[in-house]
Amino acid sequence: MPTPDTTIARVSEPSSAPPEFILQELPSFVQQQYLGVSSGSSIADETRMGENMYVYMTPASSEPLMFFCEGSNFDPMYAMRSSYGGLGYQTTLMSAHTSIIKSAFLIQEWELSQQYGELKKTLKDLVALEEEDDWKIEESVYAAASYYATELRSGSVPAPQVSVHGPKSVVFNWSNGFYNLYLTISANRVSALLSSPERIIQRKEYSKNELTSPLALLYSGFENPINSASHLSESFR
Amino acid sequence: MPLRPIPNRDGLFRHVVFPNGFRSTKKRENARFDYQKLIKFYDNSDGIHASVAWERYLPTTKHIHGYGERLASRRNQGLKNSGNFAEQKRNIYCGAYQFSAQAIRDIASNPDLSEITLAEVAHKVEEGEIAHADLRFVIDPTWQASEGTKTAIMDRLWNASSGPLRHISDCDQDLDPHPSIHLTTAPGGAYSDRRSWWVRSLWVLRFYALCLRAMLKRA
């Protein structure tokens, strides 16, 4: 059964998934319960999961909730976070990108400072490369990336890995070894991408003015799980 | 001359040459492989381009690594010619990752990448390399976030990759540690040659026949 630690649910994902999250191996005493839209439990996020979201609860209250999604729109992007408090196990659901960020939240302040020090140094190195270097970034990209790095640092978000495609963008990447969250930052736009090895889970595009803080994206603006890029492109053109 | 499309079932290789596929490259010993830098995209008026190598003209592991060694050697020569060569930053061939031509074309049919109107890979000899192939992604001209599209392409290609086929060239035997130790296993798992023995044999024979023909032409 799930432990009190934060765990990513990987139902129907490749064999790296912990066996307790595989549908076929659910214990027989697990009771299926469909949560309606108006459910007001600690899993209030269910309204964002669409009609194919099912939550499986064990009759014994000492056990944390198990959950997974079913149907053609199955989306393994939600994680279960369990903690033990005065009321026993308290379980909340969070989306994968939030989990990617939050699972590393226990890092110390000094470590965070060190990480962002290195990140800023990397950005400075990239903008200082010689003109003919393929990996040199433009000043405007450097300014945008530095701004977002400062915002992320102020929100105590673990520093991302930095990569570049060329002069016009910087890519910030967080990974938990399974899911990847990318922010592609160019001078005037930010593209967010959440993916698993199987597929792209979600994409969003923002103009510079639409996304003033990346924290808003990481914690609230990137929730709706099954949006196609075609839909997004309509929204942001 | 029209480029010859590469059949879906055929394999493609992307060679990793230090420092390009790595981050933190100021000191070679601190460098780490970065799959997001596996492919360098080039913006052209007709789309986003990148280079790969076609397995059909690299029929054995020896040929695959020969291509990578020549690539590193050409880059080092270029740096020497421009006076920018530095031993610490010399280009070092580390190995190759594989994916299929089908994986490229699947990108254009991915509903989450609807801005990509064409994803093609075609045979295009370049710098004397018969195995060179050209990747081309055409993006809807009204789409304003092509940099984000590159990230998505790279993400999908990496997840469709297998390998690496690591290699240490004779000229790099002195390096300790050799940067190839930092290559990470791709999500598709270790490289395995999926060709049947007769296809492999046919490709080897054809490759040497082409070499012989080229030699006779030169003579």
Side-chain angles (χ1 to χ4, degrees), chain A residues 14 16 118 121-122 125-126 129-130 132-135 137 141 161-173 175 177-178 180-207 226-234 236-237, chain B residues 17 19-26 30 32-43 48-50 75 78-79 82-84 89 106-107 110-117 139-161 184 186-189:
Chain A
S16 61
E118 285 172 14
K121 188 170 173 298
T122 303
D125 288 346
L126 287 170
L129 288 171
E130 290 175 22
E132 63 268 24
D133 197 304
D134 283 342
W135 306 108
I137 57 170
V141 175
Q161 297 289 346
V162 179
S163 186
V164 289
H165 297 304
K168 294 185 186 305
S169 65
V170 164
V171 183
F172 285 178
N173 170 230
S175 176
F178 191 80
N180 272 287
L181 173 62
Y182 306 89
L183 292 186
T184 306
I185 300 164
S186 50
N188 297 312
R189 300 195 76 81
V190 176
S191 306
L193 167 69
L194 177 68
S195 73
S196 74
E198 301 279 299
R199 66 191 185 91
I200 289 172
I201 296 171
Q202 194 178 9
R203 294 177 69 198
K204 276 197 173 182
E205 308 292 335
Y206 299 88
S207 72
I226 307 170
N227 267 348
S228 67
S230 54
H231 171 72
L232 292 168
S233 65
E234 291 299 321
F236 293 108
R237 271 177 195 167
Chain B
V17 178
N20 269 8
F22 290 75
R23 58 183 153 80
S24 308
T25 55
K26 272 203 163 175
N30 295 338
R32 292 291 176 269
F33 174 66
D34 182 355
Y35 72 84
Q36 290 172 70
K37 294 173 82 176
L38 178 61
I39 292 183
K40 177 80 181 81
F41 295 106
Y42 295 92
D43 293 313
I48 299 169
H49 290 257
R75 287 184 186 170
L79 289 173
S82 61
N84 292 325
K89 283 217 160 183
D106 283 349
I107 287 173
N110 187 328
D112 292 314
L113 290 165
S114 58
E115 75 271 25
I116 299 177
T117 57
I139 297 176
D140 181 341
T142 60
W143 181 257
Q144 294 176 22
S146 60
E147 293 299 307
T149 303
K150 289 176 189 171
T151 304
I153 292 170
M154 195 57 250
D155 176 75
R156 289 301 87 196
L157 280 184
W158 173 245
N159 280 296
S161 298
T184 52

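Bear in mind that the values here come from a model prediction, so they are computed numbers and not experimental data. Naming: A, B, ... by sequence-line order, numbering from 1 per chain.
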Quick check: closest heavy atoms across [X] and [Y], and the distance to 0.1 Å?
{"X": "B:Asn159", "Y": "A:Pro197", "result": "OD1-CA, 3.3 Å"}
{"X": "A:Gly166", "Y": "B:Lys40", "result": "CA-NZ, 4.0 Å"}
{"X": "B:Glu147", "Y": "A:Ser169", "result": "OE1-OG, 2.5 Å"}

Rounded distance [0.5 Å steps], [atom1] in [X] versus [atom2] in [Y]:
{"X": "A:Ser191", "Y": "B:Lys150", "atom1": "OG", "atom2": "NZ", "answer": "11.0 Å"}
{"X": "A:Tyr182", "Y": "B:Met154", "atom1": "OH", "atom2": "CE", "answer": "8.0 Å"}
{"X": "B:Asp112", "Y": "A:Ser195", "atom1": "CG", "atom2": "OG", "answer": "10.5 Å"}
{"X": "A:Thr184", "Y": "B:Gln36", "atom1": "OG1", "atom2": "CD", "answer": "8.0 Å"}

Using salt bridge (Lys or Arg N to Asp or Glu O under 4.0 Å) as the criterion, list what pairs up with A:Lys121, not counting sequence neighbours.
A:Asp125
Counting heavy-atom pairs under 4.5 Å with chain B, the top scorer among A:Asn173, A:Val162, A:Asn188 is A:Asn173
A:Lys168 vs B:Ser146, side-chain contact (heavy atoms from CB on, under 4.5 Å): CA-CA, chis, key distance, verdict
CA-CA 10 Å; A:Lys168 294 185 186 305; B:Ser146 60; over 6 Å; no
Name the region of [X], side chain, backbone, both or neither, that has any atom closer than 4.5 Å to a heavy atom of chain A.
{"X": "B:Asp34", "value": "side chain"}
{"X": "B:Thr149", "value": "both"}
{"X": "B:Asn20", "value": "both"}
{"X": "B:Tyr35", "value": "side chain"}

Exam field: side chain A:His165 to backbone B:Thr151, donor-acceptor pair closer than 3.5 Å
yes
Which one wins on heavy-atom pair count under 4.5 Å against chain A: B:Gly188, B:Ala152, B:Ala145?
B:Ala145
Is any side-chain heavy atom of B:Arg156 less than 4.5 Å from a side-chain heavy atom of A:Ile200?
yes
Is there side-chain contact between A:Glu205 and B:Gln144, with heavy atoms separated by less than 4.5 Å?
no
Residues in side chain to side chain contact (heavy atoms under 4.5 Å, CB included) with B:Pro19, at least two apart?
B:Thr25, B:Asn91
Side chain, backbone, both or neither of A:Thr122 within contact of chain B (heavy atoms, under 4.5 Å)
neither
Portion of A:Gln161 that has a non-hydrogen atom of chain B nearer than 4.5 angstrom:
side chain
Step-by-step side-chain contact (heavy atoms from CB on, under 4.5 Å) determination, B:Tyr42 to A:Asp134
CA-CA 10 Å; B:Tyr42 295 92; A:Asp134 283 342; 3.6 Å; yes
